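Taking it in order: structure first as structure tokens, then the write-up.
Reckoned from all heavy atoms, side chains included, excluding hydrogens, waters and symmetry mates. Just so it is clear, the model here is predicted, and its values are computed rather than measured. In what follows, residues are counted from 1 in the order of the sequence shown.
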Amino acid sequence: MTGNNKFLEAIDELQLSCSQLTELSKLFTDTIITFNEKDSLRDFLDRLIFVSAVTQNEVKKLAATLEKITEAEAEAIEDKDR
């Protein structure tokens, strides 16, 4: 696979990751907004912890994807120079 193809593949992963983070942000906000006095505090905290953990994993994926983009960009430049 050429550096350029790796770069394009990593950009696709980046777009997907950003979309997932946007959805997680909405879920986090909805979880907070929909909390009411009838909810148990434990259930509310469990939902927040779950969304936070999923978000943390997605941010790790995003960081790995950004690293792939940097590497693929360098490979694409090397391919171009050949």
Minimum heavy-atom separation for Glu58 to Ser17, with atom names?
OE2-OG, 3.0 Å

Show the atom names and distances, to 0.1 Å, of all donor-acceptor pairs under 3.5 Å that link a side chain in residues 20-33 to residues at least two apart or in another chain.
unit_1	atom_1	unit_2	atom_2	d
Thr22	OG1	Cys18	O	2.9
Glu23	OE2	Lys26	NZ	3.4
Thr29	OG1	Ser25	O	3.0
Thr31	OG1	Leu27	O	2.8

For a quick test of your reading: what N or O donor-acceptor pairs under 3.5 Å do the side chains of residues 62-69 make, sequence neighbours left out?
unit_1	atom_1	unit_2	atom_2	d
Thr65	OG1	Lys61	O	2.9
Lys68	NZ	Glu13	OE1	2.9
Lys68	NZ	Glu13	OE2	3.0

Just how far is it from atom CD of Glu75 to atom CG of Asn5, taken to the nearest 0.5 Å?
10.5 Å

Distance, nearest 0.5 Å, that separates CG of Leu14 from OG of Ser19:
9.5 Å

If you group Ile, Leu, Val, Met, Phe, Trp and Tyr by side-chain heavy-atom gaps below 4.5 Å, do Val59 and Ile11 land in one group?
yes

Let me check something: do Leu16 and Leu8 share a hydrophobic cluster, defined by ILVMFWY side-chain heavy atoms less than 4.5 Å apart, either directly or through other members?
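In one cluster with Leu16: Leu8, no.
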
Taking the side chain as everything from C-beta on, heavy atoms only, tell me whether Arg47 gets closer than 4.5 Å to Phe44.
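Yes. Closest side-chain heavy atoms under 4.5 Å.
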
